[in-house]
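Presented below is the structure to which this report refers.
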Amino acid sequence: MDLTRRSFLIGTAGLPLASRRTGDPFTLGVASGDPTADGIVLWTRLAPRPLADGGHGGMPDRDVGVEWQLAEDERFTRVVRSGTATARPSWAHSVHVEPSGLRPGREYFYRFRTGGHLSPTGRTRTAPAPGTAPDLAFGVVSCSNYEQGYFTAYRRLAEQQPDLVLHLGDYIYEYAPGGYKNSAGTIVRSHTEHRCQTLAEFRLRHAQYKTDPDLRALHALAPWIAVNDDHEIENNWAGVHPGTSGRPDFAQRKRAGYRAYYEHLPLRRSALPRGSGMRLYRRLAWGDLTTFHVLDTRQFRDDQPCDDGVRADCAARLATGRVLVGAAQRAWLAAGLRASRARWNMLAQQIFMAQHDYHLGPGKEVLLDTWDGYTAERDRVLGDVVASGARNPVVLTGDIHCHYASDLLADFDDPDSRRIGVELVTTSVTSDGDGYDAPAARAVELAENPHIAYADQRRGFIAARLTPTELRADFHTLPYVTKRNAPSTVTASFTVTDGAHHLSRSAVPASRAPQAAAAGAPRHP
Ligand SMILES: [Fe+2]
């Protein structure tokens with residue numbers, strides 16, 4: 001046993017540890033999340049056999065003690081916090097630790113230990129202190145379907161060394177094997193056996209996703225702010241209304257999906273599922289540089305109008321009483337925006353906010369699961385944003401499996417109307433497979449939606465860099481995800497200048513090529 005391992009021999013509060021005989025219980029890796037200026041959430045889940053029947057990960061049906069350490073250095077010579085957590089079978093032997101009293105704006109390292117097994121080391125970071133505004137490098141990802149590709153985009157984002165990662169939903173997909181195919185129909189690896197309905201099935205699915213080494217690498221590299229969309233439970237569900245599965249027992253499915261989501265993400269105790277719900281809208285400050293207002297656009301919404309889908313005529317989508325975020329969340333958001341002293345105000349949410357005409361040619365067709373299906377709510381929320389006087393609103397979005405960059409307009413039917421802020425939409429990590437770039441169709445789409453400046457139907461992520469004077473967003477794309485190890489390249493870059501409320505296209509610098517990152521580029525290239 002080396003020194004660092006020996007330094008871990010701290011009290012276990014009389015709890016039995018995982019047995020050596022069960023094998024390495026840390027197959028699902030480690031994660032951290034929801035950083036504040038003085039604290040962080042540290043996560044792991046014990047699962048020596050992640051795909052064991054029953055969703056228990058190969059763990060015995062009893063409590064197990066798990067030691068944890070948080071240190072200032074990667075060798076754990078300066079341990080600043082440590083303790084023992086209890087991994088309970090009722091929570092799938094997941095561990096969520098919330099050390100507090102940490103120093104602001106600082107890198108930390110953490111690890112877990114039980115039964116002679118040491119976890120991988122995770123790197124994390126606290127938010128900077130109020131009153132300060134150091135630069136922030138962050139990534140934005142969404143929509144990672146295990147069957148449709150390899151999670152290389154997570155690896156390529158990790159190589160960009162972000163301080164923080166935002167995952168905006170569809171972290172898992174609930175379908176049965178082969179239940180969701182893109183047009184090419186390529187499936188590179190199969191989902192666990194059943195469409196997710198029971199807690200055991202959701203646990204198994206989450207565990208399967210974490211068998212992907214690129215996903216584990218991105219979790220171990222930086223803290224995440226994660227929020228679900230629909231597929232953590234089922235396609236296009238809305239509030240109390242089930243989605244498109246056509247199955248009974250939606251409330252039970254929702255309870256199971258939320259519980260498994262909590263068990264597998266580095267979320268705070270404030271997010272502990274209650275009944276069939278979960279409090280995921282929340283606010284995280286990054287010093288005075290930015291505040292992330294994380295929205296939940298799924299749990300409190302009215303049903304999609306006109307039976308959902310992409311439609312040309314649906315008067316119900318304009319009905320004033322229909323809600324998307326709901327009254328309580330809307331009031332919470334408005335109050336937070338009014339009180340915000342942040343230079344940038346990020347609305348981290350799931351679905352496309354700008355108006356988006358999908359029909360190429362005369363006439364308009366909109367996707368009713370997005371804010372276009374809830375136009376009065378969009379007007380109210382954007383009205384709240386303007387009325388609050390919050391500085392530099394930026395909406396961050398996932399869901400749509402396509403990169404977009406857009407201005408947000410006071411009136412989307414008047415291209416010359418007031419710019420309220422910008423929307424940056426990240427494409428999927430894998431969902432819909434390899435994807436393609438279709439310049440001719442894209443040119444028509446952009447011409448008919450003049451507030452949208454950019455679209456790309458390949459897979460990838462956004463790597464952004466924020467300073468007090470500028471937001472820069474690099475849109476990375478991968479040429480394929482159905483084979484391993486795709487490179488990523490920046491296919492478009494946009495900046496927003498403090499006070500401008502609109503996008504500016506900027507040159508894509510050669511230094512952002514993936515080779516530079518792999519060779520050990522500076523922390524903020
Ligand atoms: Fe998705």
Side-chain angles (χ1 to χ4, degrees), residues 139-154 157 165-189 191 195-196 202 205-206 208-209 212 215 218 224 226-238 242-245 257 260-261 264-265 280 295-299 301 304 308-310 324 348-353 356 358 367-373 395-404 423-436 455-462 475 477-478 481-482:
V140 189
V141 284
S142 81
C143 296
S144 36
N145 184 303
Y146 184 83
E147 292 197 323
Q148 294 187 328
Y150 297 104
F151 294 162
T152 317
Y154 286 145
L157 173 55
V165 173
L166 283 96
H167 198 296
L168 300 179
D170 293 357
Y171 181 85
I172 61 156
Y173 282 72
E174 79 285 14
Y175 296 110
Y180 170 38
K181 287 190 179 130
N182 54 299
S183 48
T186 308
I187 283 178
V188 301
R189 46 189 182 177
H191 270 151
R195 175 189 268 274
C196 294
F202 277 108
R205 187 61 57 86
H206 272 280
Q208 178 181 41
Y209 275 54
D212 185 289
L215 174 56
L218 187 57
W224 286 33
V227 66
N228 71 293
D229 189 20
D230 53 337
H231 287 287
E232 288 83 355
I233 294 167
E234 78 173 7
N235 183 50
N236 281 19
W237 67 278
T244 58
S245 75
Y261 187 70
H264 291 83
L265 275 297
L280 280 166
L295 303 187
D296 180 341
T297 61
R298 200 51 68 178
Q299 193 174 183
R301 64 158 81 189
Q304 293 91 350
D308 207 352
V310 179
L324 183 65
Q349 55 103 50
Q350 296 78 18
I351 50 172
F352 210 91
M353 185 178 273
H356 191 176
Y358 277 87
L367 180 53
L368 296 170
D369 186 57
T370 70
W371 289 81
D372 272 332
V395 174
L396 303 172
T397 301
D399 176 58
I400 202 74
H401 309 172
C402 184
H403 277 322
Y404 285 101
E423 180 174 16
L424 306 174
V425 183
T426 189
T427 189
S428 62
V429 169
T430 59
S431 302
D432 288 338
D434 286 337
Y436 53 88
D456 193 314
Q457 302 224 19
R458 289 170 290 193
R459 309 288 76 86
F461 59 91
I462 296 173
F475 289 83
T477 65
L478 281 63
V481 294
T482 54

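We're numbering straight along the sequence, starting at 1. Quick note: numbers below take in every heavy atom, side chains included, and nothing from hydrogens, waters or symmetry partners. Each ligand, and each atom within it, is numbered from 1 in the order the structure gives.
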Exercise. Name all residues meeting the side chain to side chain contact (heavy atoms under 4.5 Å, CB included) criterion together with D456; count only those two or more places apart in sequence or in a different chain, and write none if there are none.
Key: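 D456 satisfies side chain to side chain contact (heavy atoms under 4.5 Å, CB included) with H403, D437, Y454, R458, T477, T491 once adjacent residues are dropped.
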Exercise. Mind checking ring-ring contact (aromatic ring centres under 6.0 Å, His included) for Y146 and listing every partner two or more places apart, or none if nothing turns up?
Key: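 Applying ring-ring contact (aromatic ring centres under 6.0 Å, His included) to Y146 gives Y209.
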Quiz item: Under the ring-ring contact (aromatic ring centres under 6.0 Å, His included) test, which residues partner H231, sequence neighbours left out?
Solution: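 Scan of H231 (ring-ring contact (aromatic ring centres under 6.0 Å, His included), adjacent residues dropped) gives Y173, Y175.
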Quiz item: Which protein N, O or S atoms sit under 2.8 Å from the Fe ion (ligand 1)?
Solution: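 The answer is C143 SG, D170 OD2, Y173 OH, H401 NE2.
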Quiz item: Between E232 (side chain) and D170 (backbone), is there a donor-acceptor pair under 3.5 Å?
Solution: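 Looks like yes, one N/O pair under 3.5 Å.
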Quiz item: Within the side chain of Y261, is there an N or O that forms a donor-acceptor pair under 3.5 Å with the backbone of N228?
Solution: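 The answer is yes, because a donor-acceptor pair under 3.5 Å joins these two groups.
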Quiz item: Angle class for the H167/Y154 ring planes (parallel below 30°, perpendicular above 60°, tilted otherwise)?
Solution: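 H167 vs Y154 ring planes: tilted.
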